Each structure stands twice: as C-alpha cells, then as structure tokens.
Amino acid sequence: DLDPRNDYRPVWSADDQTIYFTSNRLSPTGDIHSKSSSGTGTAELVYRGEGGMDVLWSVSPDGATGWLSARSGETDLDILRIDLESLETEAVVQTPFRENAPAISPDGRWLVYHSNESGRNEVFVQPLADDGGRQQISIDGGTLGRWTRNGREIVFQAPDGRLMAAEVTLEPTFSAGIPEGLFDLENYGWPWYDVTPDGNRFLVNQPIEQPGIESLTLVLNWASELER
C-alpha cells in the first residue's frame, strides 16, 4: 500500500491472508489497520483508541482474536483483546502502569507481556482463564517477550540488548526456568526481532554498518607546480 505516511509493526493473520499494522494515516499517534496480504484492495480501519499508540502485537492460533496495546488517558498503556470479526474490544490487563507487547501462547491459553509496575520493565506470563496468577519470567528487566512455536520457551530482550530465553512448561501447571543469554543485540532503542517456526533462528532488525568514506583530493593546475 503505497501510502506516504508511516505504516509499521505488521502482524500476519493466522491464515496468512491479512496483514494487520499500525499507521498514522488517520491520526498522528497511530491506529490499527488491516489489508489483504495479496496487496489488492484498500486498507481498512480495525481499531482506533482514544489515546493513540495502538499496536496489534499478536493473533490467536484460531485467528479469531487479536491482542493489542492501547493508550488510555487514565492508565497509560493497557492490553486489550479484540474480536477480529466484530471488532469489539475488552480490557485484559489494565493497571495504572504501562503494559505492552502482548503475545498469545501457541495453545491459546497464556499471555506474555511486559510491565513497568516494579519501576522497570519486566516480562510476565498470565493465564487467560482463572486458573492461577501471573508469573514473572525476567529477573533483571526485560521487554518484547515472544513464544517459540512449540511453546517450550519464552524469548525476550534484556535492558542491555541481550536476547534471553527461558524454558517453560505449560502442563500440568505453568512453570518457568531461569533465563539464559543467547546473544547480544545492538540496543538501538527497540530492535525488533522474531523467532523462526523451528525455534533455531532469529530475524533481527538491525542497522547495517556503513563502510567508511575515503576522501579524494583534487589538485588543479598541477603542471605549473612541476615547473617551479
């Protein structure tokens, strides 16, 4: 969609037929839109909140539900669930603090997100049914929690940019191991990343190093210098 305004944070639908994304084409702070992945048709508005900064982060495995963060004037960023057919929303995590980057587990039962409730961002997991409270995954801070496709690990980014992974067990109850470092990312704000379906590779958005530029000196009338 060749629109001159900013489109960012794309997310695939479960059937790969639709791409959801945030755009400032209707408001300067950003709303959630959708468009056919074939490139045909026009973008349609999915969600427009009151405070802006609306981002759809995750789609449920059955494709029926989306998970988004949206700003509220009273409670900062909250996590909402949206029915992708009726477009009706419901607050799932709403506190005076900033909750962000929700991601649904592969079995559709658990939600990972980060919150600054403790004074810094930490990664948490909470059940979507009333079968237990939330659990903290990160230890020394973290953001952008993501599940591997098999649901056995949660990957997140530490404050220094290092990518971390914690092994998790979903049955019979949820439990998480101590996070271990994977590799360092250059921490340019939020370098977006994703995990491949096999869990063995990562796609990372990082700046490309530009080679140094060598200077060129142009000498005019150099022949007269030789005659001296």
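Since the structure is predicted, the reported quantities are computational estimates derived from the model, not experimental observations.
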Check against side-chain contact (heavy atoms from CB on, under 4.5 Å), Val55 and Arg9: CA-CA 7 Å; Val55 177; Arg9 191 52 200 157; 3.2 Å; yes
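- Considering OG1 of Thr173 and CG of Leu170, their distance stands at 10.0 Å, rounded to 0.5 Å.
- Cluster partners of Ile139, by chain and number: Ile178. The rule joins Ile, Leu, Val, Met, Phe, Trp and Tyr whenever side-chain heavy atoms lie under 4.5 Å apart.
- Annotation: side chain of Trp147 is in contact with side chain of Val112 (closest heavy-atom distance under 4.5 Å).
- Considering all non-hydrogen atoms of both residues, Ser115 and Phe97 come closest at OG-CB, 4.3 Å.
- Formation of a donor-acceptor pair under 3.5 Å by the Ser23 side chain with backbone atoms of Asp7 is not found in this model.
- The distance from the CD atom of Glu99 to the CG atom of Asn121 is 10.0 Å, given to the nearest 0.5 Å.
- A donor-acceptor pair under 3.5 Å links the side-chain atoms of Asp83 to the main chain of Ser86, judged by distance alone.
- Between Gln126 and Val93, some side-chain heavy-atom pair lies under the 4.5 Å cut-off.
- Looking at residues two or more places apart in sequence or on another chain, you find no ring pair (Phe, Tyr, Trp, His ring centres under 6.0 Å) involving Tyr8.
- Atom-to-atom distance recorded for Arg201:CZ and Asp194:CG is 12.5 Å, nearest 0.5 angstrom.
- Within 6.0 Å of the CZ atom in Arg120, the count of heavy atoms belonging to other residues, nucleotides or ligands exceeds 12.
- Residue Gln136 qualifies as enclosed at atom CD: its count of foreign heavy atoms under 6.0 Å is above 12.
- Using a 4.5 Å heavy-atom cutoff, the side chains of Thr22 and Trp57 are not in contact.
- Rounding to the nearest 0.5 Å gives a distance of 9.5 Å between CG of Asp54 and CZ of Arg48.
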side-chain contact (heavy atoms from CB on, under 4.5 Å), that's the test. Do Leu163 and Val155 meet it? Break it down for me. CA-CA 7 Å; Leu163 210 60; Val155 181; 3.7 Å; yes
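- Nearest heavy atoms, Phe21 versus Ala43: CZ-CB, 3.9 Å.
- Nearest heavy atoms, Met164 versus Ala158: CG-CB, 3.9 Å.
- Checked by atom type and distance alone, the side chain of His114 pairs as donor or acceptor with a backbone atom of Leu144 at under 3.5 Å.
- Here Glu122 contributes atom CD and Phe156 contributes atom CZ; the two are 8.0 Å apart, rounded to the nearest 0.5 Å.
- Judged by distance alone, with hydrogens and angles left aside, the side-chain atoms of Thr18 form no donor-acceptor pair with the main-chain N or O of Ser13 at under 3.5 Å.
- For residues 162-177, the salt bridge (charged side-chain N to carboxylate O under 4.0 Å, His left out) pairs, not counting sequence neighbours, are Arg109-Glu171, Arg162-Asp184.
- A 4.5 Å side-chain heavy-atom check between Arg81 and Trp67 finds at least one atom pair inside the cut-off.
- Across all non-hydrogen atoms, the minimal contact from Gln135 to Phe174 is NE2-O, 3.2 Å.
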Can you list the steps and then say if Arg134 with Glu117 is a salt bridge (Lys or Arg N to Asp or Glu O under 4.0 Å)? CA-CA 13 Å; Arg134 70 175 187 177; Glu117 180 177 345; 2.7 Å; yes
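- Here the side chain of Thr148 pairs a donor or acceptor atom with the backbone of Glu153 at under 3.5 angstrom.
- Looking at Phe183 and Phe202, their side chains come closer than 4.5 Å, going by heavy atoms from C-beta outward.
- Cluster note: Leu84 groups with Val11, Tyr20, Ile32, Val46, Tyr47, Leu56, Val59, Leu68, Leu80, Ile82, Leu87 through ILVMFWY side-chain heavy atoms spaced under 4.5 Å, whether in direct contact or through intervening members.
- For the pair Trp12 and Ser37, the tightest heavy-atom approach, listed with the atom from each and the gap, is CZ3-CB, 3.6 Å.
- A donor-acceptor pair under 3.5 Å is formed between the side chain of Ser105 and the backbone N or O of Trp110.
- For Arg98, the salt bridge (charged side-chain N to carboxylate O under 4.0 Å, His left out) partners at least two apart in sequence or on another chain are Asp76.
- The side-chain contact (heavy atoms from CB on, under 4.5 Å) search around Thr169 returns Ser175, not counting sequence neighbours.
- With Ser138 contributing its side chain and Val123 its backbone, the two residues share a donor-acceptor pair below 3.5 Å.
- Not one N or O on the side chain of Ser69 forms a donor-acceptor pair closer than 3.5 Å with the backbone of Asn100.
- Atoms OG and CG, on Ser38 and Asp16 in that order, are 12.5 Å from each other to the nearest 0.5 Å.
- Contact detail for Pro106 and Pro61: the closest heavy-atom pair is O-CG, 3.2 Å.
- Here the side chains of Leu128 and Ile104 are in contact, with some heavy-atom distance below 4.5 Å.
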After noting the C-alpha distance and the side-chain angles of Asp31 and Arg25, does the key distance pass the side-chain contact (heavy atoms from CB on, under 4.5 Å) rule? CA-CA 8 Å; Asp31 310 305; Arg25 59 185 66 191; over 6 Å; no
